[in-house]
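See below for the structure under consideration.
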Amino acid sequence: MKFPDDFVNKIICGDSLSVMKSMPDCSVDLIVTSPPYNLKNSSGNGMSVNTKSGKWAGNSLQNGYSHYSDNIPADEYANWQYECLCEMYRLLKEDGAIFYNHKWRVQNGIIQDRKDIIRDMPVRQIIIWKRKGGINFNPGYYLPTYEVIYLIPKPNFKLVPRANSYGDVWEFTQELKNDHPAPFPVALIERIISSTYATTVLDPFSGSGTTAITAMALNRNYIGIELSPEYCQKSELRIERNKVQSEVLKSKTAKLFEMSL
Ligand SMILES: C[S@@+](CC[C@H](N)C(=O)[O-])C[C@H]1O[C@@H](n2cnc3c(N)ncnc32)[C@H](O)[C@@H]1O
């Protein structure tokens, strides 16, 4: 596969690490991603998602993803994710940044703050994403409602003017009209991409293609990498639908403009 022709504005169906390794250094401006969280790992530190009394009872992730179990030993998972972050960092231009979404949790008394993944990455800031909604079946816990987004920039990364006024706690409702088990809300990705000058945005765990369609809507290029052929196909359909919708919108706007002359 040749860069950029086989990558830019494409959803590539394959393993994230192998595909990233085939891309040249400094080839993207922005990386926005949410990896699998290893929610079902069997080390005893995994979150119980498959019982009615679990904190996330009823969570659609209880069956894992279509082509990935989300259930590997904790050490293996942390090494894999760290290696992915190193590849992402290599791919960034000198004014680029990674927005890496993850979840902190306490499991069997062990605080999992993801330091085992982040290690020596030059984190500049942690953004709290407050997800509204959810149902808690467990009387022993307050309803968990937040996730974190690590901002990991290259040295020359800057936000566009006024984006810093969003602060570092963002409230966005979970996406309900999407049958992927863990989709990003479009509004969250819109905020991230529109806060930057990025031309090309990569999501190496692209799922249902939310980063891709949002980049498109904001007139940026996208590169999506996703293991599941099923989710890749769904992303392509979503991209096509969004292309049609934006053409319809453009022609309606043009007609209104003509009428106003
Ligand atoms: C949290 S979901 C991402 C959802 C996405 N943000 C969205 O809005 O739809 C993580 C995705 O990573 C995919 N995945 C798991 N292992 C992968 C791998 N080795 N390479 C690429 N994608 C992988 C899963 O299939 C899943 O769709």
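All residue numbers in this chain count up from 1 along the given sequence.
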(message) Quick test of your reading of the model: are Asp29 and Arg220 salt-bridged, counting only N-O distances below 4.0 Å?
(response) no
(message) I need the minimum non-hydrogen distance between Glu175 and Phe184, along with the two atoms involved.
(response) OE1-O, 3.6 Å
(message) Does Lys130 qualify as a cation-pi partner of Phe172, given the criterion of NZ or CZ under 6.0 Å from the six-membered ring centre and within 45 degrees of its axis?
(response) no
(request) Kindly indicate whether the side chain of Ser208, heavy atoms from C-beta on, has any atom under 4.5 Å from the side chain of Arg238. (result) yes
(request) Step by step, work out the side chain to side chain donor-acceptor pair (under 3.5 Å) result for Asn71 and Tyr77. (result) CA-CA 9 Å; Asn71 186 0; Tyr77 173 74; over 6 Å; no
(request) Answer yes or no: is there an ion pair linking Asp95 with Lys93, defined by an N-O contact shorter than 4.0 Å? (result) no
(request) Looking only at non-hydrogen atoms, find the nearest pair between Tyr37 and Asp70 and report the distance. (result) N-OD1, 3.6 Å
(message) Centroid separation under 6.0 Å, is that true for the rings of Trp170 and Phe99?
(response) no
(message) As a quick check of understanding, evaluate ring pair (Phe, Tyr, Trp, His ring centres under 6.0 Å) for Tyr100 and Trp129, giving each step before the final call.
(response) CA-CA 12 Å; Tyr100 181 77; Trp129 164 27; over 10 Å; no
(message) How close do Leu85 and Ile98 get, counting heavy atoms only, and between which atoms?
(response) O-CD1, 4.2 Å
(request) Step through it carefully: locate the ring centre of Tyr150, locate the ring centre of His102, and say whether they are under 6.0 Å apart. (result) no
(message) Counting only heavy atoms not in Glu230 (residues, nucleotides, ligands), do more than 12 fall under 6.0 Å from its CD?
(response) yes
(message) Tell me whether the count of non-hydrogen atoms from other residues, nucleotides or ligands lying under 6.0 Å of NZ in Lys158 goes above 12.
(response) no
(message) Restricting to non-hydrogen atoms, name the atom on Val19 and the atom on Ser22 that form the minimum distance, rounded to 0.1 Å.
(response) O-OG, 2.6 Å
(message) Looking at every non-hydrogen atom in both residues, tell me the closest pair between Leu159 and Tyr197 and how far apart they are.
(response) O-CE1, 3.9 Å
(request) Give a yes or no on whether a salt bridge exists between Glu83 and Lys21, defined as a side-chain N under 4.0 angstrom from a carboxylate O. (result) yes
(request) List the steps and the verdict of ring pair (Phe, Tyr, Trp, His ring centres under 6.0 Å) for His180 and Tyr231. (result) CA-CA 8 Å; His180 185 279; Tyr231 301 153; 4.4 Å; yes
